[in-house]
Amino acid sequence: MNVLLIGGGGREHTIAKKIKESKRLGKFYAIPGNPGIKNIAEVVNCDLNIKNIVNFAKNNAVDLIVCGPEQPLVEGLSDLAKESGIPVFGPSKNGAKLEGSKIYSKEIMAKYDIPTSDYKSFYDYESAYNYIQKRLTYPIVIKADGLAAGKGVKIVQNREDAFDVIKSYMVDKALGASSEHIIIEDFMVGEEMSALYVTDGKTFIPLLPARDYKKVFDDDKGENTGGMGCYAPHNSMTKDLQEEIETKIIHKLKIALEKEGIDYKGVLYVGLMLTNEGAKVVEFNCRFGDPETQVIVPLIESDLLELMYATAKGKIDNQKIKWKNDYAACVVIAMDGYPGDYKKGVKINFKTSPFDFIHAGTKYDGEDIVTNGGRVLNAVALGTSKTGALEQAYKLAQKVSFDGAFYRKDIGK
Ligand code: GLY
């Protein structure tokens, strides 16, 4: 089977490593890839847009497109590829809208009675301003409606800060069109859990739950990021909780997909808050999590490519995932300034093979590997215990350095 992998981050490097293990793999291409992926697949030099992707797939007898990031899915990659008969692991444009529009996602949750925090949608600055003026209780969460690469969520502690955020989002358009519309929702208290499911829209196969650490600094201080580290399986998952999530969220979402006529073949990422009132949805994403993938996928014993192909073809009722009996941990090594502005092109010094790391934001500069993103490398390790996996991941993190490198020291705590 010839496979084209879309994406160039740590999530895609991890998926690439796992796909490479499959006996069913024929030719393996990636757009745009990164140095880690280049070590595994043939990296194709073309602009990342959905027409180029589908043209390349058609011209190179690609049997399956695996899409890592959300953007091409939100733009309709699956729908376009379907016109040429190429299966995609990743939902249709309608399905990806669950992530692409926070307002739409909340409307679906309200319509199908899926537990989430109370919220209001705003389409103009004046209405948001008037709402904030009357709002008495804080903190609140302000979210940009559109995609924002992990930068569209602000937890706000008081009215003054709320005014600043809505001005920057809706008037100054800090996130472009993505922040023209917003939602304001109640802040939920509890522990976070990322519960991911592989689904063909009818059958939902749970992946091991992971714990992501979204704040940039230790003790959950600083800005929200895409994720600074992770471990799996999550400590707090129990049989009862799994059942609660499946009854109160997954079952209802399955009905929503059917009733709304949504073609969904890929991963459904359910970001959860485990509150005193039960598990509530923080967000739906239409793809694997990053860095959750870095800890979930290495724990899969069975053939992921086989499962992805069956998913894209729309039939997984006969599929099962075999898991390793281990824990996995991931420490994200980031560049100073992230999640705000940061420098790129800084030389990375490895004290071990560069390919002992998962590459997230790197590129080649001649023979050197240099930084090319805010989240640069991931130190990932497996162990027979959570502590063991974390110890190994932190040991690995010490084997790399670059000017501006930093990482959280409290992943797993
Ligand atoms: N780690 C959060 C996400 O992938 O959305």
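Whatever order the structure lists ligands and atoms in, that order sets their numbers, starting from 1. The shown structure was predicted, so the numbers you read here are calculated from the model rather than taken from an experiment. Atoms considered below: every heavy atom in the structure, side chains included; atoms not considered: hydrogens, waters and symmetry mates.
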J.: Hey, is the main chain of H359 close enough, under 3.5 Å, to the side chain of H13 for a donor-acceptor pair?
T.: yes
J.: Check the pair F288 / Y269 against ring pair (Phe, Tyr, Trp, His ring centres under 6.0 Å), numbers first and verdict last.
T.: CA-CA 6 Å; F288 273 109; Y269 170 127; 9.7 Å; no
J.: Are the side chain of S117 and the backbone of F187 linked by a donor-acceptor contact shorter than 3.5 Å?
T.: no
J.: Does T371 reach the main-chain N or O of V346 with its side chain, forming a donor-acceptor pair under 3.5 Å?
T.: yes
J.: Cationic tip of R211 within the cone over Y213's six-membered ring, i.e. under 6.0 Å and within 45° of the normal?
T.: yes
J.: Is K409 close enough and on-axis enough to Y407, meaning under 6.0 Å and within 45°, for cation-pi?
T.: yes
J.: What does the 4.0 Å heavy-atom contact list look like for ligand 1?
T.: D212, K214, G226, Y269, N285, R287, G289, D290, P291, E292
